[in-house]
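Each chain gets a letter, A, B and so on, in the order its sequence line appears, and its residues count up from 1.
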Protein chains: 2
Amino acid sequence: MISKTCGYAIRGIVFLSLEQNKSTKHGILEIAEDLQIPQHFLGKILQDLVRRGIISSIKGPHGGFFVNAKTKDTPLIEVVEAIDGLGIFKKCFLGREECSSINPCPLHDEFDGCRSAIFKTFENLKIADLVTKIENGDSYLSLSNDFATEI
Amino acid sequence: MISKTCGYAIRGIVFLSLEQNKSTKHGILEIAEDLQIPQHFLGKILQDLVRRGIISSIKGPHGGFFVNAKTKDTPLIEVVEAIDGLGIFKKCFLGREECSSINPCPLHDEFDGCRSAIFKTFENLKIADLVTKIENGDSYLSLSNDFATEI
DNA sequence: AGAAAAAAAGAGTCTTTTATCTTTATTTAA
DNA sequence: TTAAATAAAGATAAAAGACTCTTTTTTTCT
Ligand code: FES
Ligand code: FES
């Protein structure tokens, strides 16, 4: 559905939100190591998010990436749009050139509702919601609980 | 969700099922042109399906691909398994190494149900169901209605 | 001012997916 | 028994996605 890259983006933002108590700014290396994401690749992704204003960054010593006023209220759909674009919600399941409810493919009816549901969920969920889940111990950013228990 | 290749496979099989009245066998060129799928690529896909026994083929003049006794009762999940494998239903939405409900990611709860729904739909839907839809004029294999109206 | 830290930018590589082209094998029919 | 039709197989290529490495720019601290 969404790309691996987009997953990295969301996890990166949530990480920054979770860790803002410890220190406001976090270097790319720290984030990448904690989340087990290739450093330079994550760097590029976070830069995209900075350009979109979803997070912020400062260069130089003691610089790093950090959340801003907007971050926690950012709906996930905005992150998806920034990384993957909204085109992913407009593709036909059977790979025809485009999805159309006027000229539907034989799987359209079955999956169009499901796709809208996913879209709506991405619209409604905000970064803050994910952060809350993790703070409550209901979910985890990394597969290894190392990080989860460390919080 | 499912790959473009898998969509080609499903459309190919349904095409053969629809057209079996006209003539039982259909050459790869005819199928590819009608469905607007790259000829040789579709050839490989259909060959995979033949190996799985989902459809059949005969070489030589007047040969081609054709449906067999099993075809119409084949559940879509079998096609998906043949082409994409079932791994696509076991991936974490956020791109973590694996999906786990014991150690869920913050999107797991939101989307796990949706994913199961998709899986169940693929289990329940058979090729014959898609054929029926098209025969009833409720859906179309190609975007251009040329083919749909031609039936 | 100069050194060091860190993000930003750019170029390049690897992998997977998607697609094309070419050759071979099989079958039919004249 | 030869020619033609056609699927099968194999090799290659193009495109996109994922990832790496190197250099540049900005900032801070001494
Ligand atoms: S037309 Fe295929 S999913 Fe809408
Ligand atoms: S753990 Fe992420 S989707 Fe299940």
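A salt bridge links B:Asp112 and B:Arg115; the closest N-O separation between the charged side-chain nitrogens and carboxylate oxygens is under 4.0 Å. Ion pair A:Arg51/A:Asp48 flagged as a salt bridge, since at least one NZ, NE, NH1 or NH2 atom sits closer than 4.0 Å to an Asp/Glu carboxylate oxygen. By the 4.0 Å N-to-carboxylate-O rule, B:Glu78 lies close enough to B:Lys70 to be salt-bridged with it.
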Pairs: protein N or O with nucleotides 2-6 of chain C N or O, under 3.5 Å:
unit_1, atom_1, unit_2, atom_2, d
C:dA6, O4', A:Gly60, O, 3.3

What N/O pairs connect the protein and nucleotides 15-20 of chain C at under 3.5 Å? Give each pair on its own line.
unit_1, atom_1, unit_2, atom_2, d
C:dT18, OP1, B:Lys4, N, 3.4
C:dT18, OP2, B:Thr5, OG1, 3.0
C:dA19, OP1, B:Lys4, NZ, 3.4
C:dA19, OP1, B:Tyr8, OH, 3.4
C:dA19, OP2, B:Tyr8, OH, 3.1

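Using a 4.0 Å cutoff on non-hydrogen atoms, the parts of residues 46-56 of chain A near DNA chain C are A:Gln47, A:Arg51, ordered by number.
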**Message:** Working note: B:Tyr140 + B:Ile134, criterion side-chain contact (heavy atoms from CB on, under 4.5 Å); need CA distance, chi angles, decisive distance, verdict.
**Reply:** CA-CA 6 Å; B:Tyr140 309 90; B:Ile134 294 175; 6.0 Å; no

**Request:** Go through the steps for A:Glu110 and B:Lys133 under the test side-chain contact (heavy atoms from CB on, under 4.5 Å), then give the verdict.
**Result:** CA-CA 12 Å; A:Glu110 272 77 7; B:Lys133 285 192 181 208; 2.8 Å; yes

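For B:Phe93 and A:Phe122, the ring centers sit 6.0 Å or farther from each other.
Not counting sequence neighbours, the partners of A:Asp84 by the side chain to side chain donor-acceptor pair (under 3.5 Å) test are A:Ser3. Shown here are the side-chain contact (heavy atoms from CB on, under 4.5 Å) partners of A:Lys25, two or more places apart in sequence or in another chain: A:Ile58, A:Phe66.
Looking at A:Asn68, A:Thr24, A:Thr71 one by one, the single match for side-chain hydrogen bond (donor to acceptor under 3.5 Å, both in side chains) with A:Ser56 turns out to be A:Asn68.
Atom CG of B:Asp109 sits about 11.5 Å away from atom OG1 of A:Thr121, to the nearest 0.5 Å.
The neighbour count for A:Lys126 NZ, taken as heavy atoms of other residues, nucleotides or ligands under 6.0 Å away, is above 12.
In 5' to 3' order, the nucleotides of DNA chain D bounding all contacts with chain A (an atom under 4.0 Å from a heavy atom) are D:dA18 to D:dC29.
With 3.5 Å as the limit, one finds no donor-acceptor pair spanning the side chains of A:Asp129 and A:Thr132.
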